[in-house]
S.K.: 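Below you'll find the structure I mean.
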Amino acid sequence: MTTFQRARSEEQREIRRQAILDTAAAMLEEMPVGAISLNELSRRVGLAKSNVLRYFESREAILLELLDYAWQQWTAELPELLGAGVDAKAAVGERGEQFAAAVTASLAEHRVLCDLLSAQAGVLEHNVSPEVAARYKRATIASVGRLAALARAHLPELGDRASWLAASATMAIGAVWTHARPSQAMLDAYEADPSLAVLRMDFASSLRQMLATLTAGTLARTTP
């Protein structure tokens, strides 16, 4: 919460803008994306909702900015994790498996990123202006590019298809995260009829298998 009542200088406006982002980020540590409301965010940051909207055009615009930040944090950590998890001397198939395992393991401390990715296309990219949408997409292209470069560094056999793998991996993370968190009604259905639980997904094991399959398939398609 800021100590001044009205932001008069550019510095004060930036402080207030960052306070809004920090408050939203703290809320994401407590609750899923779907539970974040502009009313509650305004209350916690100590501003009227109309004042919050002076800095961000919508709830979705705030969350898209946080998604970009979460992406940058994650990809900044990946080089060290992949360096430790992928054996440069191993055969390409084994390196592909190791790459999938390292990426999956790296997400263990990035629950917020996974949650935001799961809401990206269906929720967060709606209720924003073309300007915000374009700014976010440019950031996304850069983030996917960084992931592609890391994939290519450990799997040079991917060639130009590293970009496709990186984009597909991003979609897989969000999709698996969503399916690995069933509603209470679905959990109750699993409990009432255990045969249905065969469809329940564990995030880590399901994502690792999906990324390994995507990586193997992409490598196979690059083979002359």
Side-chain angles (χ1 to χ4, degrees), residues 7 13-14 16-76 103 106-107 109-148 163-187 199 201 203 206-207 210-211 214:
R13 284 191 287 272
E14 182 55 34
R16 182 154 284 172
R17 185 177 185 279
Q18 190 59 51
I20 294 169
L21 288 171
D22 290 344
T23 302
M27 291 173 70
L28 285 169
E29 294 291 345
E30 302 174 14
M31 61 189 77
V33 170
I36 303 289
S37 72
L38 201 54
N39 284 334
E40 178 61 13
L41 172 60
S42 301
R43 187 190 70 78
R44 292 195 184 199
V45 83
L47 293 171
K49 185 166 72 171
S50 59
N51 284 338
V52 171
L53 293 173
R54 292 175 184 269
Y55 296 89
F56 297 93
E57 63 185 41
S58 64
R59 177 191 81 114
E60 290 75 16
I62 297 170
L63 295 174
L64 280 178
E65 187 150 339
L66 290 176
L67 173 52
D68 178 42
Y69 179 69
W71 251 106
Q72 292 183 47
Q73 282 189 309
W74 178 54
T75 53
V103 169
S106 74
L107 292 166
E109 302 301 321
H110 291 275
R111 181 194 63 78
V112 170
L113 171 62
C114 297
D115 201 22
L116 288 167
L117 282 175
S118 73
Q120 175 187 337
V123 177
L124 303 187
E125 293 182 3
H126 298 258
N127 196 31
V128 293
S129 65
E131 292 75 21
V132 168
R135 184 167 66 245
Y136 170 69
K137 280 302 181 184
R138 292 188 188 100
T140 299
I141 290 170
S143 296
V144 171
R146 289 192 292 273
L147 181 57
S163 296
W164 184 91
L165 176 61
S168 299
T170 302
M171 289 188 286
I173 292 167
V176 175
W177 181 264
T178 300
H179 287 282
R181 274 150 183 77
S183 67
Q184 187 58 52
M186 196 58 64
L187 291 173
L199 299 175
M201 299 178 73
F203 178 71
S206 298
L207 181 63
M210 186 173 290
L211 292 182
L214 282 171

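Along the sequence shown, the residues carry numbers beginning at 1.
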S.K.: Taking all non-hydrogen atoms of both residues, which atom of A166 and which atom of A148 are closest, and how far apart?
M.R.: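 The answer is CB-N, 3.6 Å.
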S.K.: With the side chain counted from C-beta on, respond yes when W71 and T170 share a heavy-atom pair under 4.5 Å apart, and no when they do not.
M.R.: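 Counting from C-beta outward, W71 and T170 do come under 4.5 Å.
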S.K.: In terms of heavy-atom contacts, does CD of E109 have more than 12 from other residues, nucleotides or ligands at under 6.0 Å?
M.R.: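 No.
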S.K.: Got more than 12 heavy atoms from elsewhere within 6.0 Å of CE, M186?
M.R.: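 No, the 6.0 Å shell around CE holds no more than 12 heavy atoms from other groups.
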S.K.: I need the I173 CD1 to L147 CG distance, nearest 0.5 Å.
M.R.: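 Spacing of CD1 (I173) from CG (L147) equals 7.0 Å.
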S.K.: When rounded to the nearest 0.5 angstrom, what distance separates CD in E30 from CD in E40?
M.R.: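 E30 CD to E40 CD: 8.5 Å, rounded to 0.5 Å.
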S.K.: Checking side-chain contact (heavy atoms from CB on, under 4.5 Å) for the pair R54/L47: CA distance, chi angles, key distance, verdict?
M.R.: CA-CA 11 Å; R54 292 175 184 269; L47 293 171; over 6 Å; no
S.K.: What is the minimum heavy-atom distance between T75 and S143, and which atoms define it?
M.R.: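 What the structure gives for the nearest pair is CG2-O, 4.4 Å.
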S.K.: Under 6.0 Å from the NE2 atom of H126, do we count more than 12 heavy atoms belonging to anything else shown?
M.R.: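 It does: H126 NE2 has more than 12 such atoms within range.
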S.K.: At their closest point, which heavy atom of S37 faces which heavy atom of R59, and how far apart are they?
M.R.: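 Where S37 meets R59 most closely, the heavy atoms are CA-CD, 4.4 Å.
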S.K.: Evaluate side-chain contact (heavy atoms from CB on, under 4.5 Å) for I62 paired with I36, printing each intermediate quantity in order.
M.R.: CA-CA 11 Å; I62 297 170; I36 303 289; over 6 Å; no
S.K.: In Å, rounded to the nearest 0.5 Å, how long is the span from CZ of R17 to CZ of F56?
M.R.: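 Those atoms lie 4.0 Å apart.
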S.K.: With rounding to the nearest 0.5 Å, note down the distance linking CG in L38 to CD1 in I20.
M.R.: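 Going from the CG atom of L38 to the CD1 atom of I20 covers 9.0 Å.
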S.K.: Does the side-chain contact (heavy atoms from CB on, under 4.5 Å) test come out yes or no for L207 and W177, once each step is laid out?
M.R.: CA-CA 8 Å; L207 181 63; W177 181 264; over 6 Å; no
S.K.: With rounding to the nearest 0.5 Å, note down the distance linking OG1 in T23 to CG in L28.
M.R.: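 T23 OG1 to L28 CG: 11.0 Å, rounded to 0.5 Å.
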S.K.: Rounded to the nearest 0.5 Å, how far apart are OH of Y136 and CG of L124?
M.R.: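 Answer rounded to 0.5 Å: 7.5 Å.
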S.K.: Before you tell me yes or no, could you show the steps for R135 and E131 under salt bridge (charged side-chain N to carboxylate O under 4.0 Å, His left out), namely the whole-Å CA-CA distance, both residues' side-chain angles and the distance that decides it to 0.1 Å?
M.R.: CA-CA 6 Å; R135 184 167 66 245; E131 292 75 21; over 6 Å; no
S.K.: Quick one: closest heavy-atom pair of M201 and H179, and the distance?
M.R.: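 Shortest heavy-atom contact: SD-CB, 3.4 Å.
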S.K.: How far apart are the closest heavy atoms of L66 and A25, and which atoms are they?
M.R.: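 Between these two residues, the closest heavy atoms are CD1-N, 3.7 Å.
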S.K.: Using the salt bridge (charged side-chain N to carboxylate O under 4.0 Å, His left out) rule, collect all pairs that involve residues 113-126, keeping only residues at least two apart or in two chains.
M.R.: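 Found E125-K137.
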S.K.: Please step through side-chain contact (heavy atoms from CB on, under 4.5 Å) for the pair R111 and E29, ending with a clear verdict.
M.R.: CA-CA 8 Å; R111 181 194 63 78; E29 294 291 345; 4.2 Å; yes
S.K.: Under a 3.5 Å distance rule, please check whether Q120 uses its side chain to pair with a backbone N or O of G174 as donor and acceptor.
M.R.: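 No, the answer is negative, given that no donor and acceptor are paired below the 3.5 Å cut-off.
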S.K.: Report the residues that fulfil side chain to side chain contact (heavy atoms under 4.5 Å, CB included) with S58, sequence neighbours left out, ordered by chain and then residue number.
M.R.: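 Once residues adjacent in sequence are excluded, the partners of S58 under the side chain to side chain contact (heavy atoms under 4.5 Å, CB included) criterion are E60, A61, N127, V128.
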S.K.: For residues L187 and P182, report the shortest heavy-atom separation together with the two atoms involved.
M.R.: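 Looking at all heavy atoms of both residues, the closest pair is CD2-CG, 3.6 Å.
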